[in-house]
Amino acid sequence: MHKAFWDCLESQLNEDPPQYGHAITLVGEIKETLLSFLLPGQSRLRGQIEEALDLSLIQQQAENRALDISKIAQFIIDMMGTFCAPCRDEDIRQLREITDIVPLFKSIFAVLDKMKIDMANFAVSSLRPHLLQQSVEYERKKFQEFLEKQPNALDLTKKWLQDTADYVTGGEMDGGATCTANSAQLALTVHNHAFLRLLKRDHDADPFPETLLMDQGRFQEMQQELEQLALVASVLLIVYNGAGEAISGLPGLMERLKKTIKILLAEMHTPSFKEDETFSVVAEKLCLELRGCLSQHGFSPFSSDRENTLKGQIVAAKSADNPIRKVIDSRIQTYLLGFLELSANRTVPALPGGLTPISKELEEIAVKLGRLITFNKLVYSPFYQKILQDILKQEGSLDG
């Protein structure tokens with residue numbers, strides 16, 4: 001249908017004398033689009049568009065064979081150049097180079113479609129802070145109303161924060177938080193750790209905090225993604241440590257091994273997943289890939305004993321108590337915590353060793369987690385502040 005329309009336009013313009021019926025219709029559509037880009041106060045530009053694209057006048061010019069369609073097209077392009085975002089300057093420049101009317105009108109409509117999207121994105125970005133504020137206020141108000149009817153509606157949230165405070169101030173966490181930190185910083189530390197601990201939760205056994213019930217599915221999804229990434233990084237670290245310098249720096253090998261592991265572990269959270277069998281296949285596939293890679297680059301193949309040892313180490317990574325897996329998991333938690341602590345400064349923490357192969361995926365999850373937590377804190381901050389103040393006051397009195 002599009003092709004038929006443009007063919008019809010071309011046929012009309014090629015008649016003698018040219019027929020401008022379709023062309024004037026297009027000019028009318030373009031005029032409406034340009035007017036839609038105007039802000040309420042831009043009356044001068046509105047007047048220019050109304051005058052230059054006066055359809056009744058254009059119709060009269062066409063009937064009197066005095067219409068210069070190229071001149072109208074140039075006015076349209078100039079006006080588009082006034083309205084467009086800087087990223088569309090190249091598109092406008094290309095429009096100026098088109099001399100045939102039909103291809104020019106087709107290209108004008110294509111660029112106008114892009115400009116409509118730009119305008120919509122600008123409108124959304126302008127409204128986002130207001131929409132966010134309204135959403136925060138609405139959700140907080142609804143939760144307050146619910147809390148007034150159900151006074152114990154924060155019991156699970158209090159327990160979640162209390163358990164985390166015990167974990168942080170009791171020195172259970174790696175590195176241990178000191179009690180010398182000021183109360184505001186300690187409250188922030190407890191809160192950030194509390195969110196991270198939700199990514200290690202047994203969702204069947206431990207009820208989720210009331211303030212995060214709507215987000216439980218998202219946390220569970222991220223938890224599963226992180227568990228898979230931890231396994232990928234652990235296995236790759238085992239392979240590269242076990243294979244030694246022979247494979248370090250070989251182009252493309254890391255990505256091939258990573259892809260193989262991710263494919264084989266894709267269903268690790270499904271009931272049908274067979275852990276022992278899958279890890280045996282992972283070990284076999286990776287050793288086969290290494291064998292071919294070593295041969296291709298002129299290295300001697302591993303001995304049977306060395307290959308079997310490597311396979312055993314890979315299979316052992318399936319255990320949550322595996323030392324390498326525990327190290328990788330701890331480093332992932334360190335990275336995520338650093339991301340939450342530095343997000344206010346819009347900086348990204350340094351990537352701990354062993355996480356380079358999964359850096360892209362890890363950063364994506366960190367960004368997603370950060371946004372989720374930021375919104376949750378905006379909504380429930382008054383409740384969190386009171387609970388944390390009470391907990392830390394109690395902790396301080398016990399220390400005293």
Side-chain angles (χ1 to χ4, degrees), residues 199-200 221-336 339 348-368:
L199 296 171
K200 308 291 289 181
E221 182 182 319
M222 285 186 283
Q223 181 175 341
Q224 292 178 353
E225 290 174 5
L226 288 169
E227 286 172 0
Q228 188 194 63
L229 288 177
L231 276 172
V232 170
S234 299
V235 171
L236 287 173
L237 186 59
I238 289 168
V239 169
Y240 272 78
N241 283 346
E245 295 183 3
I247 65 168
S248 63
L250 292 182
L253 177 61
M254 177 77 79
E255 279 304 312
R256 290 202 302 275
L257 297 179
K258 175 183 168 183
K259 184 178 179 181
T260 299
I261 301 166
K262 289 187 74 173
I263 289 172
L264 293 172
L265 296 180
E267 298 183 358
M268 64 177 285
H269 293 103
T270 62
S272 60
F273 183 71
K274 298 177 181 176
E275 189 177 61
D276 294 342
E277 182 180 318
T278 301
F279 273 88
S280 295
V281 173
V282 169
E284 194 63 47
K285 290 275 189 184
L286 296 189
C287 285
L288 183 64
E289 180 74 41
L290 287 175
R291 214 177 299 145
C293 191
L294 290 171
S295 174
Q296 181 184 348
H297 290 85
F299 292 103
S300 300
F302 293 157
S303 65
S304 297
D305 287 345
R306 188 175 180 185
E307 189 170 293
N308 288 333
T309 299
L310 183 57
K311 287 180 182 178
Q313 291 174 337
I314 292 171
V315 171
K318 69 185 179 184
S319 170
D321 293 327
N322 179 267
I324 292 180
R325 185 168 165 183
K326 288 175 74 173
V327 167
I328 289 294
D329 191 63
S330 174
R331 290 176 181 178
I332 288 175
Q333 294 294 308
T334 298
Y335 175 81
L336 292 175
F339 199 96
V348 178
L351 195 69
L355 303 186
T356 302
I358 59 169
S359 59
K360 182 176 178 291
E361 296 91 338
L362 198 56
E363 185 174 345
E364 289 173 356
I365 292 175
V367 170
K368 188 163 48 173

Measure across [X] and [Y] and return the closest heavy-atom pair with its distance rounded to 0.1 Å.
X	Y	result
Ala316	Asn322	O-ND2, 3.3 Å
Ile328	Ala230	CG2-O, 3.7 Å
Gln228	Lys262	NE2-O, 3.8 Å
Ala317	Leu231	O-CD2, 3.3 Å
Leu362	Leu229	N-CD1, 4.2 Å

Give the table of side-chain donor-acceptor pairs shorter than 3.5 Å for residues 273-282, with sequence neighbours excluded, one pair per line with atom names and distance.
from, atom 1, to, atom 2, distance (Å)
Asp276, OD1, Lys318, NZ, 2.4
Thr278, OG1, Lys274, O, 2.7
Ser280, OG, Asp276, O, 3.0

I'd like to check the side-chain contact (heavy atoms from CB on, under 4.5 Å) partners of Ala243; sequence neighbours left out, ordered by chain and number.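 Ala243 satisfies side-chain contact (heavy atoms from CB on, under 4.5 Å) with Ile247, Phe302 once adjacent residues are dropped.
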Within [range] or reaching into it, pairs that qualify as salt bridge (charged side-chain N to carboxylate O under 4.0 Å, His left out) - sequence neighbours excluded:
range	result
residues 293-305	none
residues 279-288	Glu284-Lys311
residues 319-332	Lys200-Asp329

List in chain and number order the residues that pass salt bridge (Lys or Arg N to Asp or Glu O under 4.0 Å) with Arg256, two or more places apart in sequence or in another chain; answer none if no residue qualifies.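 Scan of Arg256 (salt bridge (Lys or Arg N to Asp or Glu O under 4.0 Å), adjacent residues dropped) gives Glu289.
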Heavy atoms, side chains only, cut-off 4.5 Å: are [X] and [Y] in contact?
X	Y	result
Leu265	Val235	no
Leu310	Cys287	yes
Thr260	Leu286	yes
Leu290	Phe299	no
Ile324	Ser234	yes
Glu225	Lys368	yes

Do NZ/NE/NH1/NH2 and the carboxylate oxygens of Lys360 and Glu364 come within less than 4.0 Å?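 The answer is yes: the pair qualifies as a salt bridge.
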